[in-house]
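Report on the structure given below.
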Amino acid sequence: MSRGGWCPLLLVLLLAREVQAQVENRVIFLPGTFQNVSVSRNETVQAVVSRITSDVAYVTLQFHTQHRNATLSYVRMPGQGTSLTAVDSGLLSALQPSQASLSLFLSSPDEDAVAGTGVILPYSSTDPVPGACNTEFPLDIDPNVYILYNLYETSIRFAPANLGYERGEPPAACDQSTEANTRWRLRYDVYQYFLPENDLSESSLFSGIQDVADIQGMMKNGKRVMTLLSSDMSMVVFNSTPGQGVIYSVIVRDPLRNSSASYVPVHTYACSFTSSLGGCQTLGKISTKVFFTIAGLAGLFVCFFGHRFFKCELFCMGFSFGTFFFFVLITRTTELDYDMCLAVSAVIGVVGGVLLVMSWWRWGSVMACIVVIGLMLGFLVASTVLFTPLGDLDVLRRSDAVFWVTFCCIMIIVPLFFVRWPREGNIVTCGAVGAYAVILAVNAYIYTSLSFITLNILKRFLNNNFSAVFTDVSFKAIDYSMITVWVVLGVGGIVLQLYRERTRPFFPPSPYLMWLQERERRKTNVLDPSYHFPSLPNRLLARARQLTRRMEPAGEHTPLLL
């Protein structure tokens, strides 16, 4: 073939390659159908939405990844106000008359490829427009839910919505008036959906996103936690549960038109996938496992043998009280890391346990020790009561003063029963607190929501703003199993100790007081052979004299008879 004949063939091959590249970088979305998309490094994928019917006024495209950011943009070259980079991102596009398709663009802002799942959701002109009255976030119309989390709390924020409108018509004004024919009549339902426990897989997340991405799915599978009015602040705070995946979403409703629309759902695990220390993959710290394993073994011993071995019980209770108090104090007043705070608190807890044992050994005041033990049971009872839905009452959630007064009242009332029934109260404390220590030991290896009975109180001690947090946690099969274990161990330990101690004295006597009584008895009882036994210095002096001279036999050695 001549050189001139190669030119048309090369041109055709180049055009075919260009067409093939465009096909590879294009993804067709159908309304309401999920589409998995992979975006390579330095690549832009065109998301084409087709077959949009004429009754659709606007559409939202949402794209979700597990932990890598993705950029969703109106134009091929992302810019300020025309794109959003996030793990859960969404764009809202209002349609023009006779428009049946549109294009949006996906890209990876980082050096690595990103994979996720996306969906197009269509809405009519009667449905509210999520984020159409935005004045805070970068997009003009922002249907996204923005999430922030730390060790203690997770907060979500969103932009107010506006009333729906027909294609080609101007939107209603956002803030000219607050009458019933404006956006101020809208209501915002906040929903929460828990992913499976201990499941950090991408497939689990994508399956959950597909279950709750639209209105019907979230209403069916999620839990509505509260409803906000348009006059309320568009922010909600929840309790953080590191390692537990949670999806949050907001559904805006128009009560006059009986219509609704969904914001873009957002998810969090309250931990980082990229952190090498303290991340989602390294939540179970060795220090935590060692500490709670030892605590669980001690709790099991106290549960069944605490009253019999009273000194061991006192040490464990003093240790728990001292460790908790100084962990809160050290964490709030210093910048030490978690492992160091736990180690220092444990050392001080040992000192606290020894001091409690020595106070009983020296002064023998059983009631003083019983008060400390009763406060431990009162703490657990108060934490359990406020862990129930009672703790989510607005008066307790929003007021620190009311919360702590309620907590302290419950905590102080419990030891009052110990005054009338000290032995029974001590045994009940051994069973309940010891069994719960076993639950905490299990939680160091297998996640259970029961650990948040006391963890929520600890978080509220450490965080001044924890009063605004919803403390809802998901209860799964493992949690009901742990409740059964707690009840069986606690009741078993209480019944066993009550039966075994029924014929024994209520409490063992103080060793120091017994020693004083024995010493006085020896001084006054001349019939006691030990009364005539030489003292230790005299015995040592006699032994030294035996080494230097020979002692003559003194005859019989009999007690003096009176």
Looking only at the aromatic ring of each residue, does the gap between the centers of Tyr146 and Phe158 stay below 6.0 angstrom? no

Just say parallel, tilted or perpendicular for the rings of Phe238 and Tyr248, cut-offs at 30° and 60°.
tilted

So Asn144 and Leu84, do their side chains get closer than 4.5 Å, heavy atoms only? yes

dist Lys289:NZ -> Asn443:CG (nearest 0.5 Å) comes out at 11.0 Å

Ignoring hydrogens and angles, tell me if any N or O in the side chain of Ser207 forms a donor-acceptor pair with the backbone of Ser203 under 3.5 Å.
-> no

*Say whether, by atom type as modelled, one donor and one acceptor occur between the side chain of Tyr263 and the main chain of Ala159 under 3.5 angstrom.*
yes

Point to revise | Ion pair Arg157/Glu136, N-O distance below 4.0 Å | key: yes

Does the side chain of Val190 come within less than 4.5 Å of Thr227's, by heavy atoms? no

Q.
Assess the residue pair Arg500 and Arg308 against the criterion (side chain to side chain contact (heavy atoms under 4.5 Å, CB included)); give the C-alpha distance rounded to whole Å, side-chain angles, the decisive distance to 0.1 Å, and a yes or no.
A. CA-CA 9 Å; Arg500 190 175 56 231; Arg308 171 69 66 87; 3.2 Å; yes

Run Ser287 and Asp339 through side-chain hydrogen bond (donor to acceptor under 3.5 Å, both in side chains) and show every step you take. CA-CA 6 Å; Ser287 58; Asp339 291 335; 2.6 Å; yes

- Query: Counting N and O atoms only, with roles assigned by atom type, does the side chain of Ser204 sit under 3.5 Å from a partner on the main chain of Leu200, one being a donor and the other an acceptor?
  - Reply: no

### Aromatic ring pairing Tyr269/Phe273, orientation class (parallel under 30°, perpendicular over 60°, tilted between)
perpendicular

Without hydrogens or angle criteria, can the side chains of Asn36 and Thr117 be said to hold a donor-acceptor pair below 3.5 Å? yes

Quick note, ring-ring contact (aromatic ring centres under 6.0 Å, His included) partners involving residues 485-505, not counting sequence neighbours, are Tyr436-Trp486

On a heavy-atom basis, the closest approach of Ile251 and Met219 is CD1-CG, 4.1 Å

Using a 6.0 Å cut-off, check whether atom CZ of Phe417 has over 12 heavy atoms from anything other than its own residue. no

Salt-bridge contact Lys220-Asp211 (side-chain N to carboxylate O under 4.0 Å): no

Full working for side chain to side chain contact (heavy atoms under 4.5 Å, CB included) between Met411 and Leu375: CA-CA 6 Å; Met411 183 176 174; Leu375 289 176; 4.2 Å; yes

**OP:** Quick one: sort the Phe301 and Phe309 rings into parallel, tilted or perpendicular, breaks at 30° and 60°.
**Re:** tilted

Rounded to the nearest 0.5 angstrom, the NE2-CD1 distance for His307 and Ile373 is 9.5 Å

Would you find a donor on one side and an acceptor on the other, under 3.5 Å apart, between the side chain of Thr241 and the backbone of Gln244? no

- Query: Can you tell me if Ser240 uses its side chain to pair, donor with acceptor, with the backbone of Glu153 under 3.5 Å?
  - Reply: yes

So side chain to side chain donor-acceptor pair (under 3.5 Å) across residues 314-332, not counting sequence neighbours, yields Arg332-Asn464

For this session: Please say whether more than 12 non-hydrogen atoms of neighbouring residues, nucleotides or ligands are located less than 6.0 Å from CZ in Phe321.
Result: no

So, do Ser89 and Gln62 sit near enough that their side-chain heavy atoms are less than 4.5 Å apart?
no

- Are side-chain heavy atoms of Leu205 and His267 found at a separation under 4.5 Å? yes

Residues Gly243 and Cys271: closest non-hydrogen pair is N-SG, 3.9 Å

Indicate yes or no: at least one non-hydrogen side-chain atom of Phe304 is less than 4.5 angstrom from one of Cys430. no

Output for pair (Thr406 OG1, Leu390 CG), nearest 0.5 Å, gives 8.0 Å

Smallest heavy-atom separation, Phe326 atom then Ile348 atom, equals CD1-CG2, 3.3 Å

**OP:** Take Cys341 and Ile330 through the test side chain to side chain contact (heavy atoms under 4.5 Å, CB included) and record every step on the way to the result.
**Re:** CA-CA 7 Å; Cys341 286; Ile330 294 172; 3.7 Å; yes

Can you say whether the rings of Phe379 and Phe324 are parallel (under 30°), tilted (30 to 60°) or perpendicular (over 60°)?
-> perpendicular

Report yes or no: do Glu313 and Asn426 form a side-chain donor-acceptor pair below 3.5 Å? yes

### Message
For Phe319 and Phe315, take the angle between the two ring planes, folded into 0 to 90°, and tell me which bin it lands in: parallel under 30, tilted 30 to 60, perpendicular over 60.
### Response
parallel

- Query: Given side chains that start at C-beta, do those of Leu489 and Leu300 come closer than 4.5 Å, heavy atoms only?
  - Reply: yes

* Under 3.5 Å donor-acceptor, Thr268 side chain and Ala270 backbone -> yes

*Take Thr85 and Asn69 through the side-chain hydrogen bond (donor to acceptor under 3.5 Å, both in side chains) test and state the conclusion after the steps.*
CA-CA 6 Å; Thr85 299; Asn69 286 331; over 6 Å; no

Output for pair (Leu440 CG, Met482 CE), nearest 0.5 Å, gives 11.5 Å

Scanning both residues in full, the closest heavy-atom pair of Ala437 with Ala295 reads CB-O, 3.7 Å

Here the gap from Lys223 atom NZ to Met218 atom CE, rounded to the nearest 0.5 Å, amounts to 13.5 Å

On a heavy-atom basis, the closest approach of Ala115 and Phe206 is O-CZ, 4.1 Å

**Prompt:** Any salt bridge between Glu501 and Arg423, counting N to O under 4.0 Å?
**Reply:** no

Which of Phe327, Phe403, Trp404 passes ring-ring contact (aromatic ring centres under 6.0 Å, His included) with Phe461? Answer is Trp404

To the nearest 0.5 Å, atom CD1 of Ile446 lies from atom OG of Ser451 at 12.5 Å

- Query: Taking Ser399 for the side chain and Leu396 for the main chain, is one N or O donor matched with an acceptor at less than 3.5 Å?
  - Reply: no

Nearest heavy-atom approach of Pro265 to Ile247 is CB-CG2, 3.9 Å

For this session: Please tell me if the side chains of Val236 and Met226 come closer than 4.5 Å, counting only heavy atoms from C-beta onward.
Result: yes

**Q.** Lys459 side chain near Asn239 side chain, heavy-atom distance below 4.5 Å
**A.** yes

Practice item. Start with the C-alpha distance between Phe407 and Leu386, add both sets of side-chain angles, then the distance that settles side chain to side chain contact (heavy atoms under 4.5 Å, CB included), and finish with yes or no. Key: CA-CA 8 Å; Phe407 182 87; Leu386 296 179; 3.7 Å; yes

